[in-house]
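Here the structure comes first, spelled out in structure tokens, and everything after it is commentary.
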Number of protein chains: 2
Amino acid sequence: MSCILRLSQSLRARGYRVTPQRLAILEALHHEGHLSPAQVYERVRQTGMTEATVYRTLEFLRANNILFAAQREGGHLTYELAGASHHHLICRTCGAQVDLEAEALQRLIACLEQQSGYRLDASHLTLFGLCPNCQACNEIRDPEPRDTRDQVS
Amino acid sequence: MSCILRLSQSLRARGYRVTPQRLAILEALHHEGHLSPAQVYERVRQTGMTEATVYRTLEFLRANNILFAAQREGGHLTYELAGASHHHLICRTCGAQVDLEAEALQRLIACLEQQSGYRLDASHLTLFGLCPNCQACNEIRDPEPRDTRDQVS
DNA sequence: ATCCTTATTGATAATTTTTGCAATAAAGAC
DNA sequence: GTCTTTATTGCAAAAATTATCAATAAGGAT
């Protein structure tokens, strides 16, 4: 909770307001990790909040770097609390997750930034692919078309 | 066009059908590069095609690796023809694009694949960030909240 | 060219996401 | 505590996206 308190103060400091709705959504995500807008709404509807408010609040918190938005398989957005800088590698077939060597990526990103002069948004990358298990399965069955958006959040 | 012809044959070889709708969409994207579903519909509505068909066809072509889907600022999808393996770096403020050193990324990806055993979908990454110009602007104005999803396609 | 199979489309409805505006309430000043 | 300002919410309607299912047409066989 002290985490949410800190975020609240950060919002207030920027001139935004800390409302019950925002707190409820933050706590839902704090409790569960990854949630889609619909799932968030499920968890907070008891408070009488509207779906529109859920969407707006998620987008608002994301725009203020309090949440990250990750694109999941169905093409729908998923949100999670922004934490320390970290990267994920997710199997798009079975959902298995692996944490990435932050240093390797950071080094590459730094290198790309030097070459291009750009400042990259890469504090939290999620790469999608196939885990070893699912690679094996795919070699047996035909290459069935799947929902395979490469992405990052 | 020979590019589209080749794609058609590839589809047919896999047991799918080459329809006027699919051709129209492919040609629109071949002509214009990056298009959102709504923009694609604008370009092909003269053929009498439905919006639903546009959505389905785009998703179908993407699932078959004929199109790439890139996540643009608003969280909305944009599609483009899948070409040679290449990567982009796009400024989220002014839209300026830079091509990335493919080798640097490929090497990193290969390295990550070795470490994790995953096979990554990374033949076409798009990283978002701030170009040098917009970095300068941002230092002057306050840090206005923006739509800043880090991402890849 | 004609017929057959079935992948694909159109039409429609359902669902999800976004938007506009009046009413509400958070946070600071008193 | 009360008052004021205005960011934020709820409501309702619009827009975007997805799903359902019967009708159509692509592509192979004859």
Side-chain angles (χ1 to χ4, degrees), chain A residues 4-5 7-26 35-64 66-67 69-79 142 144-147 149, chain B residues 4-5 7-26 35-64 66-67 69 71-79 142 144-145 147 149:
Chain A
I4 288 182
L5 189 60
L7 293 177
S8 301
Q9 295 177 338
S10 149
L11 273 186
R12 219 176 332 239
R14 286 185 259 182
Y16 299 118
R17 294 178 184 172
V18 178
T19 66
Q21 291 86 348
R22 288 178 181 169
L23 285 176
I25 288 178
L26 281 176
L35 293 176
S36 69
Q39 291 173 317
V40 171
Y41 178 61
E42 268 310 310
R43 270 83 175 166
V44 298
R45 67 183 312 170
Q46 28 167 341
T47 71
M49 185 179 340
T50 317
E51 278 165 302
T53 300
V54 171
Y55 281 102
R56 271 181 305 206
T57 302
L58 288 173
E59 169 54 24
F60 166 81
L61 293 172
R62 191 199 56 67
N64 283 84
I66 288 173
L67 299 181
Q71 195 79 12
R72 291 295 286 279
E73 301 296 308
H76 290 252
L77 285 176
T78 301
Y79 293 86
D142 333 16
E144 176 195 2
R146 325 195 89 267
D147 189 333
R149 246 177 296 268
Chain B
I4 288 182
L5 189 60
L7 292 176
S8 302
Q9 295 176 337
S10 149
L11 274 186
R12 221 177 330 238
R14 286 186 258 181
Y16 299 119
R17 294 175 184 175
V18 178
T19 67
Q21 291 85 348
R22 287 176 181 172
L23 286 176
I25 289 178
L26 281 176
L35 292 176
S36 70
Q39 290 172 317
V40 171
Y41 178 63
E42 268 309 311
R43 270 82 175 167
V44 298
R45 65 184 312 169
Q46 27 167 343
T47 71
M49 186 179 338
T50 317
E51 278 165 300
T53 299
V54 171
Y55 281 102
R56 271 181 306 201
T57 303
L58 288 173
E59 168 54 24
F60 166 82
L61 293 172
R62 191 199 54 69
N64 283 84
I66 287 172
L67 299 181
Q71 196 76 14
R72 290 298 285 278
E73 302 295 307
H76 289 255
L77 287 176
T78 302
Y79 292 86
D142 333 17
E144 176 194 1
D147 190 334
R149 243 180 297 268

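Chain letters run A, B, ... following the sequence lines, proteins first, then strands; residues in each count from 1.
Arg62(A) has its CZ atom 15 Å from the P atom of dT17(C), to the nearest Å. Rounded to whole Å, the distance from CZ on Arg17(A) to P on dT5(D) is 12 Å. Per the geometry, CD belonging to Glu59(B) stands 10 Å off P belonging to dA19(D), to the nearest Å. In this structure, the OH atom of Tyr55(A) is 18 Å from the P atom of dG20(C), given to the nearest Å. One can place CZ of Phe60(A) at 16 Å from P of dT18(C), the figure rounded to the nearest angstrom. Rounding to whole angstrom units, CZ of residue Arg14(B) and P of dT6(C) are separated by 21 Å. Atom OH in Tyr79(B) sits roughly 15 Å away from atom P in dA16(D) (whole-Å rounding). Summarising the geometry, the separation between OH on Tyr16(B) and P on dG27(D) is reported as 14 Å, rounded to the nearest angstrom.
With contacts defined as side-chain heavy-atom distances shorter than 4.5 Å, the pair Leu35(A)/Arg43(A) qualifies. Side-chain contact check for Thr53(A) versus Val44(A): every heavy-atom pair is 4.5 Å or farther apart.
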Using a cutoff of under 3.5 Å, can you pull out all pairs of nitrogen or oxygen atoms linking the protein to nucleotides 9-12 of chain C, with atom names and distances?
from    : atom 1 : to       : atom 2 : distance (Å)
dT9(C)  : OP1    : Thr19(B) : OG1    : 2.9
dT9(C)  : O3'    : Gln21(B) : NE2    : 3.0
dG10(C) : OP1    : Gln21(B) : NE2    : 3.4
dG10(C) : OP2    : Thr50(B) : N      : 3.4
dG10(C) : OP2    : Thr53(B) : OG1    : 2.6
dG10(C) : N7     : Arg56(B) : NH2    : 2.8
dG10(C) : O6     : Arg56(B) : NH1    : 2.9

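Applying the 4.0 Å criterion to OP1 and OP2 of dA27(C), one finds that Arg12(A) has a side-chain N or O inside that range.
For Glu42(A) (side chain) and Gln39(A) (main-chain N/O), no donor-acceptor pair under 3.5 Å exists by modelled atom type.
The closest side-chain donor-acceptor pair between Arg12(B) and Ser8(B), if any, does not fall under 3.5 angstrom.
In this structure, Ile66(B) CD1 and Ile25(B) CD1 are separated by 12.0 Å, a value rounded to the nearest 0.5 Å. In this structure, CZ in Arg22(A) is found 6.5 Å from CG in Leu61(A), a value given to the nearest 0.5 Å.
Nearer to the 5' terminus of DNA chain D, by closest-nucleotide assignment, is the contact made by Val18(A) (compared with the other of Val18(B) and Val18(A)).
Contact check of residues 35-44 of chain B against DNA chain C (heavy atom, cut-off under 4.0 Å) returns no residues at all.
Look at Glu59(B) and Arg56(B) and you find no salt bridge, because none of the NZ, NE, NH1 or NH2 atoms lies under 4.0 Å from a carboxylate O.
Aromatic pair Tyr16(A)/Phe60(A): centroids less than 6.0 angstrom apart.
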Between Arg14(B) and Asn64(B), is a side-chain contact (heavy atoms from CB on, under 4.5 Å) present by the stated rule, with each step listed? CA-CA 10 Å; Arg14(B) 286 186 258 181; Asn64(B) 283 84; 3.2 Å; yes
